[in-house]
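In what follows, chains are A, B, ... by sequence order, proteins preceding strands, each numbered from 1.
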Amino acid sequence: MAGLLNIGTTFIPSSSNLLRNPNSLPSLRTNNPSNKTLIQAKIREIFMPALSSTMTEGKIVSWVKSEGDKLSKGESVVVVESDKADMDVETFYDGYLAAIMVEEGGVAAVGSAIALLAETEDEISEARSKANSSSPSAVVAETKMEKPQETVASIPPPPSPVKVSVPIAVSASSIHPASEGGKRIVASPYAKKLAKDLKVDLGSVVGSGPMGRIVAKDVEAAAAAAAAVVVSGAAPESPKPVAQSAPAKVSGSPGIELGSVVPFTTMQGAVSRNMVESLNVPTFRVGYTITTDALDALYKKIKSKGVTMTALLAKATALALAKHPVVNSSCRDGNSFTYNSSINIAVAVAIDGGLITPVLQDADKVDIYTLSRKWKELVDKARAKQLQPHEYNTGTFTLSNLGMFGVDRFDAILPPGTVSYSTSNSELLTLQRSLQGAIMAVGASQPSVVATKDGRIGMKSQMQVNVTADHRVIYGADLASFLQTLAKIIEDPKDLTL
Amino acid sequence: MQASISLSMASPAIIRSDCAVEFFSINASKPLNLRFCGLRREALGSTALKQLDSSRVVSSRRKQSKKLSASLSSNGSPSKGFDYDLVIIGAGVGGHGAALHAVEKGLKTAIIEGDVVGGTCVNRGCVPSKALLAVSGRMRELQSEHHLKALGLQSHNSQEPLGYFKVSAAGYDRQGVADHANNLASKIRNNLTNSMKAIGVDILTGVGTILGPQKVKYGKVGFSDNVITAKDIIIATGSIPFVPKGIEVDGKTVITSDHALKLEFVPDWIAIVGSGYIGLEFSDVYTALGSEVTFVEALDQLMPGFDPEIGKLAQRVLINPRKIDYHTGVFASKITPAKDGKPVTIELIDAKTKEPKDTLEVDAALIATGRAPFTKGLGLENINVATQRGFVPVDERMQVLDTDGNLVRHLYCIGDANGKMMLAHAASAQGISVVEKVCGKDHVLNHLSIPAACFTHPEISMVGLTEPQAREKSEKEGFEISVAKTSFKANTKALAENEGEGIAKLIYRPDNGEILGVHIFGLHAADLIHEASNAIALGTRIQDIKFAVHAHPTLSEVLDELFKSAKVSL
């Protein structure tokens, strides 16, 4: 296929591509508002472009230009091998190829820098010193992401950027008879692949396979353990709900060496920053217990028609939101209400160790059968990593359900906002405030003994919901009446099938 | 001369047309084996019609052959006094193809087999491996829930889509799969045996040894040898798996394709040494059955025999997304089978510097480093012939050359034993070519028209030159070459099957429209290649074949598009 596609890409992959991959989290690099002022960059980074919708990393096939070469706009600079094809990547700027950071044959994650482009010849040396200062991370894509954004020539590199020192972890390696006391790591081919995908250091994984070999499930367990250590699975890159955690496989956590201090990975750092950022939003929570017997009965009745519980909950929520537009609003600038024109219910789905929020658009208007089909389609796409940006970042209200794990109540963090790039210019940065002002955590529905007003005691299925909202726009009474409406709809669900 | 042959053949054919029906009813499944081994189907058809009961027509045939050889023997060696016109040593696909064609041409033919009829292809190669690959193909379909869903098919154990999802796992019964492969091999073997018996080929059991010119002995160990004479002799003894030095094959954990096809166990992790056709096909089988695979390849790239572009794409589809990793540019210098609770250990050294590089510990190792000719004990020294790395030296007409480079009269070697092109159907084609020659019709087989296929999912096939080979040739001979490509993504049938991954590539001369090579990677590539190989064999040019009509919508339109996209400057 090489050569068939000759798409000149921009240096900066589109934000949609960046956001699609929950693992690469490239948006976080520029999550620093101070960068907004750095438009006068003279040294630009050349990024690994996203050449296909499924590409997460690319291999440098060859550099067409060498360091020091003058480039003019539109010229091919590098040939990149993606998961699908080899493609020439062109420059969108005039300048000099100052420093190559990922050599031929090297692999870099989409959105990570692979070279520096200087605007004038004088800046080449400056760029090179910069490249050298980050060279240890140049080959390994994920560590490179740690490098603080420094597109400005005039600002010296931060004193000591926290780099992920890849733990060599000799002592913690597998107890494999032939691994020569941990010097060699014996891992199966799939375990190695998974480790690369999930960014797990094999040196810290204890193998449970034949003769202590590391097999796929060891890597998965290590990744799950790592994810559990991070603040409950916060998805930092977009309007995704934050309180979803990967199902807790925490116990045992074989990859953790007790008594040690382990620096954050890129993703963990990003999560951390985003969580701190979320403190800027004054949130509060209101909980409600809803009886689900009628809903369960309805579900049983129309399940055969392909209706899912997720769609029913989304539909009920949307109908309640329609009566309480303020709960569907958000505060983007600290000075105003933004009433969203449509009701788009995002539903958090844990997937492949990550998390994504497929959005059911106009959930109040679409009928339950269509909504159910749409949901199935979205989930399939999500699993195939084929969701388009508008299918996961346009939610105006998020549902997060941990009921299937037996969780009866929990509390979600309202994601502070979403960062997006302009697609053609690396310096442009907009911090788009979240579209949503509230997120609802749904617990398991379980049989409870209930005393009713007429003095009787009975058994009813009940579930607890807990809404986290931005108090700048949504007040306690708003949430309370919203929840009351929601409870009414769920307890008398005839409207859901209209 | 030829006219007289065809005339004399034609009349008995008409007389015996009633027997032809009977023949086919006995061997109803017969055409199957032909397809598997790539034999010429028309050879059988005409054979069946013309030469049904060899004992009945022996006299007439003998007459013919005498007439033939008399007229041929300008050098004055009569065929009178020989036991057979043609004796073939080795009843593999090559020998079988030669025998069928020889009978068709009226030669009294015997075939000597020391093991089982069918040779490597039928018993330990192409045939049983196709059975395993058929299983692996279906496993892949069933395991690809996404692919099934894209077709609208539902799997039964999908969960409520909130939270985690499980892929429904298709299961298999190892013994059942192994039995399928074994049953297929015996069925094809019986078909092959019957097809030769039915037309009167004498199947002689024992190891054949050449005693001298036109003289062969055969016999089982412990029994007295029989000596027979033949006007012409064809060596078709085939090959055995090649095992490099330092590798200890125990048949359990360190195995060759011979053992692997029995599928006695499916290891969790298997190293495959060699990433050619055999290694690649087995990686397809093992990964579909749940194994993880590590390739060990001596050259710098995986799949070194393929056109580089095809190889690269194939790697992205057949290797990278599967549970496979690889070491390239390394030799497996020492492989020790698993014993005493220790795994199979593989010591890797750098292919160039010979420095130790790594040690692998795996559950099993499959040695797929190619095949070595099986030519020991043939008695070649009796006729002053020395093998080269085990191969019998031959000229372009498969005539054996002696140590002085002179032709050994009446002795031919076909198939893996001569090493020209180690493919079952190539051996058969060479056999047919030799029979043509001994019947007085000089024939040189164009090896560039012989297709090759690798039956992975999807398949890879090729005929003629690779792009680098074509470029080298064009520079040497001073002509231009061009390359045309089409994608399966543009083919309606492929998209209907949801199998749009694939490419067809044509290397040709723009000045005269000659097809130099065609390479296909995609759904049913192995079946698609024949339009191109036939065009090369018949000398059809692009400007002519591009007007041939293809049914729509079919995969064959991939080649239609390919020929149409070529730009011939005529």
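- Ion pairing of B:Arg471 with B:Glu467 is present here, as a side-chain N (NZ or NE/NH1/NH2) and a carboxylate O approach within less than 4.0 Å.
- Of the two parts of B:Val317, neither the backbone nor the side chain holds a non-hydrogen atom closer than 4.5 Å to a non-hydrogen atom of chain A.
- Contacts of B:Asp358 with chain A are made by side-chain atoms alone, with heavy-atom separations under 4.5 Å and no backbone atom involved.
- A:Asp218 has no carboxylate O lying under 4.0 Å from a charged side-chain N of A:Arg213, or vice versa, which leaves the two without a salt bridge.
- Under a 4.0 Å N-O distance rule, the pair A:Asp296/A:Lys303 does not qualify as a salt bridge.
- Between A:Lys193 and A:Asp197, none of the side-chain N atoms (NZ, or NE/NH1/NH2) sits under 4.0 Å from a carboxylate O, so this pair counts as no salt bridge.
- Only the backbone of B:Lys342 comes within contact range of chain A, with heavy atoms under 4.5 Å apart.
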